[in-house]
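The first residue in the sequence is number 1, and the count goes up from there. Side chains included, hydrogens not; waters and symmetry mates left out as well; all remaining heavy atoms used.
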Amino acid sequence: MSQPVGIKDVAAAAGVSVGTVSNVINRPDSVASGTRARVLAAIDRLGYVRSESARQLRAGRSRIMGLLVLDMGNPFFVDVARGAERAARDAGLGVMVCNSAQSAGEEADYLSLFAEQRVRGVLLTPADATGRNIAAFRRHGIPFVLVDRVAEGTTECSVSVDDVAGGALAVRHLIDAGHRSIAYVSGPAGLNQVRDRRTGALSALHEAGLGAEALRELPTERLDVAAGRDAGARLLGLADRPTAVFCANDLLALGVLQAMYAAGVSVPDDLAIVGYDDIEFAAAAAVPLTSVRQPAVTMGALAAELLLEETEAETAPTPHEHRRVVLQPELVVRRSSLASRRAAVQ
């Protein structure tokens with residue numbers, strides 16, 4: 001394997017000093033046009049690419065922002081990444097996107113990688129419910145912003161959606177349609193988002209004068225379509241099957257929808273379904289899915305802007321102040337929940 005071309009190779013090929021090559025790369029106006037042309041020709045001929053990592057070590061300032069999310073297979077996090085990438089690009093930065101796969105161990109490994117690479121800062125959707133990974137990463141002094149998570153008990157910035165309000169929106173909609181027995185396909189219990197959406201669901205039941213027993217929780221280990229299909233199978237096996245189901249995200253809801261379709265259960269006539277996130281596939285499902293919309297692209301962009309603001313605070317006229325930004329969800333009603341059961345309960 002051939003060795004990569006270095007700055008010394010370019011200097012030798014152009015017949016100039018290493019310092020002259022460095023000036024051509026970093027301060028071209030300081031080099032005479034003839035010399036500059038000779039160096040640029042050598043760079044082009046040899047295929048030299050400067051070492052960004054070496055430049056970062058000298059400057060002590062990276063042009064890369066880390067983004068660590070729970071599941072890049074979930075279109076919601078793809079949209080978060082799109083928003084973050086757009087804001088970073090506008091600031092002349094790149095984004096290193098990593099996927100913890102909802103694993104605290106993988107999260108710890110990627111946070112260590114970010115520290116080794118001396119990234120400018122990190123946007124993080126935590127997988128570790130204990131907070132130990134965040135505590136360990138904080139020791140490196142690298143700024144970070146929590147995404148899709150409120151910064152409870154910390155001083156860092158965060159950008160999230162009011163998931164309690166979102167859970168209430170979903171279940172209130174089902175109650176208004178006449179449902180009095182509702183399943184909650186919840187996902188891993190360690191995730192704050194899952195717990196907050198359940199809290200919102202219970203608050204909507206309380207408002208309607210219904211007890212907590214009206215909500216049947218079906219936990220899953222993951223937040224994907226396969227876990228939704230499994231939950232759908234369990235739902236079908238219940239003797240007193242609920243008439244509606246609220247799912248902690250759209251992938252779970254799409255899996256439940258697949259299970260109902262395979263079993264010949266009509267959605268929404270026999271079972272109403274509401275998801276969460278309003279990913280692109282929600283509207284394109286065989287039965288278009290009612291969902292609680294999160295402004296994912298906006299969330300990613302705002303988080304990146306907060307991180308940039310913090311990393312530039314040393315040269316700013318005023319110090320950076322950590323902020324918690326909480327966005328509001330919106331219910332998008334589609335066919336999967338439109339059948340009313342009022343006649344059945346009257």
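In this structure, Ile175 and Ile182 have side chains that are in contact, with non-hydrogen atoms separated by less than 4.5 Å. Side-chain contact check for Leu235 versus Pro242: some heavy-atom pair is nearer than 4.5 Å. Residues Leu254 and Phe281 meet the side-chain proximity criterion, which asks for heavy atoms closer than 4.5 Å. Side-chain contact between Ser336 and Pro268 is absent, with no heavy-atom pair separated by less than 4.5 Å.
With Arg323 as the fixed residue, the salt bridge (charged side-chain N to carboxylate O under 4.0 Å, His left out) test singles out one of Glu305, Glu309, Glu310: Glu309.
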Q) Please walk me through it: do Ile279 and Leu251 pass side-chain contact (heavy atoms from CB on, under 4.5 Å)? A) CA-CA 9 Å; Ile279 62 175; Leu251 296 183; 3.8 Å; yes

**Q.** Step-by-step side-chain contact (heavy atoms from CB on, under 4.5 Å) determination, Thr125 to Gln193
**A.** CA-CA 11 Å; Thr125 303; Gln193 299 92 324; 4.1 Å; yes

Q) What do the steps show when you test Ile64 against Gln117 for side-chain contact (heavy atoms from CB on, under 4.5 Å), and what is the final call? A) CA-CA 9 Å; Ile64 298 297; Gln117 295 297 316; over 6 Å; no

Q: I would like to know whether Leu123 and Val80 meet side-chain contact (heavy atoms from CB on, under 4.5 Å); could you show each step before the answer?
A: CA-CA 10 Å; Leu123 307 178; Val80 169; over 6 Å; no

Q.
Show, in sequence, the C-alpha distance, side-chain angles and deciding distance for His173 and Ser337, and conclude whether the side-chain hydrogen bond (donor to acceptor under 3.5 Å, both in side chains) test is met.
A. CA-CA 9 Å; His173 166 68; Ser337 65; 2.7 Å; yes

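Within the model, atoms CG of Leu257 and CD1 of Ile273 stand 5.0 Å from one another, a figure rounded to the nearest 0.5 Å. Here the straight-line distance linking atom CG of Leu223 with atom CG of Leu252 works out to 5.0 Å at 0.5 Å rounding. In this structure, Ser100 OG and Phe77 CZ are separated by 8.0 Å, a value rounded to the nearest 0.5 Å. Expressed to the nearest 0.5 Å, how far CG of Asn133 lies from OH of Tyr110 amounts to 13.5 Å. Atom CZ of Phe144 is separated from atom CG of Leu68 by 12.0 Å, given to the nearest 0.5 angstrom. Considering CZ of Arg120 and CE of Met65, their distance stands at 8.0 Å, rounded to 0.5 Å.
Judged by distance alone, with hydrogens and angles left aside, the side-chain atoms of Thr220 form a donor-acceptor pair with the main-chain N or O of Arg222 at under 3.5 Å. At least one donor-acceptor pair under 3.5 Å links the side chain of Ser112 to the backbone N or O of Ala108. Looking only at distances, a side-chain donor or acceptor of Arg195 sits under 3.5 Å from a matching main-chain atom of Ala189. Using a distance-only test at 3.5 Å, with no hydrogens or angles considered, no donor-acceptor pair links the side chain of Arg149 to the main chain of Ser158. Panel note: side chain Arg197, backbone Ala248; a donor-acceptor pair is recorded below 3.5 Å. Checking side-chain atoms of Ser160 against main-chain N and O of Asp148 turns up no donor-acceptor pair under 3.5 Å. Proximity of a side-chain donor or acceptor of Thr243 to a complementary backbone N or O of Leu271 within less than 3.5 Å is not detected. Between the side chain of Arg36 and the backbone N or O of Val31, at least one donor-acceptor pair lies under 3.5 Å. Not one N or O on the side chain of Glu156 forms a donor-acceptor pair closer than 3.5 Å with the backbone of Leu146. Using modelled atom types, one side-chain atom of Glu107 and one backbone atom of Ala127 make a donor-acceptor pair closer than 3.5 Å.
For His206, the NE2 atom counts as loosely surrounded, since its 6.0 Å shell holds 12 or fewer non-hydrogen atoms of other residues, nucleotides or ligands. Atom CZ of Arg139 sits in a sparse spot, with 12 or fewer heavy atoms from other residues, nucleotides or ligands closer than 6.0 Å. Within a 6.0 Å radius of CD in Glu207, other residues, nucleotides and ligands contribute more than 12 heavy atoms.
Asp240 has a carboxylate O that lies under 4.0 Å from a charged side-chain N of Arg216, or vice versa, which qualifies the two as a salt bridge. Between Asp90 and Arg86 no salt bridge is recorded (no basic side-chain N to carboxylate O distance below 4.0 Å). Between Asp278 and Arg334 there is a salt bridge, with a side-chain nitrogen of the basic residue lying less than 4.0 Å from a carboxylate oxygen of the acidic one.
Taken together through direct or relayed side-chain contacts under 4.5 Å among Ile, Leu, Val, Met, Phe, Trp and Tyr, Val274 and Val265 form part of one hydrophobic cluster. Hydrophobic clustering (side-chain heavy atoms under 4.5 Å, transitive across Ile, Leu, Val, Met, Phe, Trp, Tyr) groups Leu338 together with Val171.
Closest non-hydrogen pair, Glu217 versus Pro219, comes out as O-CD, 3.5 Å. Across all non-hydrogen atoms, the minimal contact from Ala214 to Leu205 is CB-CD2, 4.1 Å. Considering all non-hydrogen atoms of both residues, Leu46 and Ala13 come closest at CD1-CB, 3.9 Å. The heavy-atom pair separating Val161 from Gln328 by the smallest distance is CG1-C, 4.4 Å. Looking at every heavy atom in both residues, Val95 comes nearest to Ala84 through CG2-O, 4.2 Å.
Shown here are the side-chain contact (heavy atoms from CB on, under 4.5 Å) partners of Ala226, two or more places apart in sequence or in another chain: Asp224, Arg229.
Using the six-membered ring where Trp is involved, Tyr276 and Phe246 have ring planes that are tilted, between 30° and 60° apart.
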